[in-house]
Every structure is written in C-alpha cells, then in structure tokens.
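Worksheet for the structure shown next.
Counting starts at 1 for both ligands and their atoms, following the listed order.
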Amino acid sequence: MDEYAVIINAGSSSLKFSVFRRPESNAWRLEVRGQIEGIGTRPQFSAKNEAGQSVADEQLDAAVNDGRTALAYVADWMRERYGGARVRGIGHRVVHGGARYTGPTIVTPEVLDDLRTLIPLAPLHQPYNLAAIEAVWERLPDVPQVACFDTSFHRGQPAVAELVPLPSEIRNTGVQRYGFHGLSYEYIASVLPSVAPGIANGRVIVAHLGSGASMCALKNGKSVDSTLGFTALDGLCMGTRPGAVDPGVILHLFQSLGLSAKEVETMLYKKSGLLGISGISNDMRALLASTEPAARLAVDYFVYRAAKEIGALAAVLGGIDGLVFTAGIGENSAEIRKRICQASAWLGIELDDESNARKGPRISTTASAVSAWVIPTNEELMIARHTGLLLGLIEQRV
Ligand code: ADP
C-alpha cells in the first residue's frame, strides 16, 4: 500500500497543501501540491502534479468559507485521488514556536494549548495554523501531526541578536527577538552546498521577499541574526506591514489619536507597508506596473529599506560573501533584484543583467567580489523532511 505524508500551510485566506510519497531511498517525492485561495471571498482550488502540470483548477462553492471547510474539501479531493492510501503523518507550518519550541514537535493537546498562548504574537498566521491542526485531529485522530516552526531555525543566535532591551521583568515573560521565515532559510541553507558551494560556509544574507519579507544573516549555514523580531512586524517593508517603525509612533496612535489596541493591530498587520504607502495595492506587480507617484514611492521605500537592512546585516557578519534572493518578489522580480543590488554595490556586488533576467541561479558577474543568487525556496519540502525525520519515516537528513 502506498504511504504518504501531507504538508499543510494554513493561512487566513489560503490553504496550501503538498502530498509527498513515502521515501524509498530517504528522499521525499512530491506527488502533488495545491491550494485553495480566496477563502471567505471567492474560493478557488488548484493543484499541480510533480511535473507542474495542472490536475485541478476550479471555482468552489462559497460554502468553502473558512479553514475547516477548506480542509474538508481538500481531504475529500485527496480521498478520491488516493483512495485506500495510508497517511503516515501530517506536517504543519506553524509560524510561532516561542522560546520553547526550538525544533519540530509532535503535536499533543498540551503542545496545542501552549501554542495558543502565542496567538497574540502572530495574529495573522498562528490562529489559522492551529485551526488546521484541530480540524485534522477531528478527521484523522490517529495520524501523528508535526508542527514545524518559522522561529526554530533562528534559535541559537547570539544573545545580543535575540535581545529586546526592556527591563528584565518584561523580558522574563518571553519578550525577545524570535525571527521568522525560518523554514525558508533552513531550506536555502540546506541547498547552498550544492547550488552555491563557494559561499555555503561563508557569510551570506538571504532575502526572503514575499508578501511577508525578511532577511537572515547566515554564517556557515546558521542564522546569526534576522530582520524580524518578537513578531513578524519588524525590519523590511512588507505587503501590508510597515517593517521597523519608531515605537514612539505607536504610542502616538494610542495617546494622541486614541486608537484602540485592535485598531492599531489591524493598521500594523493589514493596512501599512506597500499598501499603506501606495494606497493602491499590496501586490508588488501592481505597483511596478503603476505610474502613480504613490506607487513609485512604495517601491522606492521597499528597495531603500532592503538596502539599509543589507548594510546592517553585513555589519553583523563583518562583510558578506553572498546575497541570495528568494520568495515571490525575490524569485520573480528582476527589477527589484537589480535595484537592491545596485543600492548594495558598495559591498562589492556587481549584477549580470542577462543572468538576472533569466533568474540565474547566479546573477552576479564573474568579477563580482560578492556573489548574488536567485534560489527558489521550498518550505513544504523542509516540513516534509522534518516530519519524516521526527516520525522515523526516514533515518537521516536528506
Ligand atoms: P507569501 O507566500 O508570503 O504570501 P509570496 O512569496 O508568494 O508571498 O510573494 C508574494 C509577492 O510576490 C506579492 O507581492 C507579488 O506581487 C510578488 N510577485 C510575484 N510575482 C512577481 C513578479 N513577477 N514581479 C514582482 N512581484 C511578484
């Protein structure tokens, strides 16, 4: 009987899933990956097989209006496609693991309770991640579930990088810098030895530029600092999040403008960043296509902030050997890569326009002192590897 592991990445308006076949030679084989987007508005289901060919693409009934109904739809679709197959484990992306979860963890009711306490630190993701775990439990109570955290890869950073310089009674309640996008960075670190062996053991900045955006400073494949901190609000300008803001501005929102905590939370997570600056869109494609001055300002700020953070992380690393772009914007926008590389030319980065246009993977000239790369991320594969390892389905890291 065929055996599978299912990977779930549940968000507020989308449910992404991948099905991996049980490894025969310690390597997972992707069978299918798909998603339901527009949950709550206009749900659309699509899936592709390993070769990238579409195997499903359909508009769903509006009754698919939350994570639970979306998961039920995907489960029924899988049953039809893989009827009789055995699901050996389910791996979930969980955004926040706090200080306690320094690696992937098998979910128990106690673990779930613990993870719920972190919901206020990641309101955009954590509730949906956990709801998916609960929904799977109801349907498949005997299948082990593994939570893989976006924060774990960053544990082990130097104390100064994790510090939030507030009084100890506050820090003792778990107020520290955690960092996010760790599954993406861990995946990139895992492929550097084969894709870019010359920098794999060196000082590398990885720029994960998607709707959420951050950068990670890697030294010898380990995270030593990153631009996201206690929550996923710090650092770079993002689709709807501002990135670093003077905390005095937040005090002003409360004290002078009288905004409620909920209003401030909504502003910081959903109305700022590219959307807030442009007033047009949180989508980089739309902003690059627009001639509106506000759209240009949003793109300019995105690039400015990225270059500034590269400078800061280069200082942390004492210079850099390589710069890697990944995620939606990083993998697909030659223009943004070009502008960030130009702004970082002082570090010794010289872009090769032709390689940049065809996504490299190496996009710097051979003469460039610091190499630049485009490497597609694969958080699902990272979760599959962790799930397999933890459940004893594979014996060693592949
Ligand atoms: P997430 O997984 O965080 O939702 P993604 O990594 O999918 O986000 O990235 C989404 C972002 O990538 C959006 O801002 C989108 O506009 C941008 N993006 C995708 N393709 C392109 C492209 N060709 N040019 C510019 N931006 C792009």
Quiz item: Does K16 come within less than 4.0 angstrom of ligand 1, counting non-hydrogen atoms of the residue?
Solution: yes

Self-check item: Test of ring centre spacing under 6.0 Å for W373 and F325
Solution: no

Exercise. Give the residue and atom name of whichever protein heavy atom lies nearest to atom 14 (O) of ligand 1, and the separation in Å to one decimal.
Key: M284 N, 3.3 Å

Quiz item: Does T117 use its side chain to pair, donor to acceptor, with the backbone of D114 at less than 3.5 Å?
Solution: yes

Quiz item: Should you measure from each heavy atom of G212, which atoms of ligand 1 turn up under 4.0 Å away?
Solution: 3 (O)

Practice problem: Give the ring-plane orientation class for H208 versus Y185, where under 30° counts as parallel, over 60° as perpendicular and anything between as tilted. | Solution: perpendicular

Exercise. Could you list all the side chain to side chain donor-acceptor pair (under 3.5 Å) pairs where at least one residue sits in residues 165-178, not counting sequence neighbours?
Key: R177-D225

Self-check item: Nearest neighbour in protein (non-hydrogen) for atom 17 (C) of ligand 1
Solution: I329 CG1, 3.5 Å

Quiz item: Going through the distances and angles, do Q126 and V94 end up as a side chain to side chain contact (heavy atoms under 4.5 Å, CB included)?
Solution: CA-CA 6 Å; Q126 192 89 342; V94 178; 3.6 Å; yes

Quiz item: Closest non-hydrogen protein atom to atom 27 (C) of ligand 1, residue and atom name please, with distance?
Solution: R285 CG, 3.6 Å

Quiz item: Does D321 reach the main-chain N or O of G202 with its side chain, forming a donor-acceptor pair under 3.5 Å?
Solution: no

Self-check item: Test item: side-chain donor near acceptor, E292 and S290, under 3.5 Å
Solution: no

Quiz item: For A327 and ligand 1, does the shortest N/O to N/O distance drop below 3.5 Å?
Solution: no

Quiz item: Above 12 or not: heavy atoms from other molecules or residues under 6.0 Å from CZ of R81?
Solution: yes

Quiz item: So, does G239 sit close enough to ligand 1 that a heavy atom of it is under 4.0 Å from the ligand?
Solution: no

Exercise. May I ask you to check if ligand 1 and G328 share an N or O to N or O distance below 3.5 Å?
Key: yes

Practice problem: Pick whichever of N332, T377, L287 has a heavy atom sitting closest to atom 22 (C) of ligand 1. | Solution: N332

Self-check item: Heteroatom proximity flag, S211 to ligand 1, N/O under 3.5 Å
Solution: yes

Quiz item: Among all protein non-hydrogen atoms, which one is nearest to atom 16 (O) of ligand 1, and what is the separation to 0.1 Å?
Solution: D283 OD1, 2.3 Å

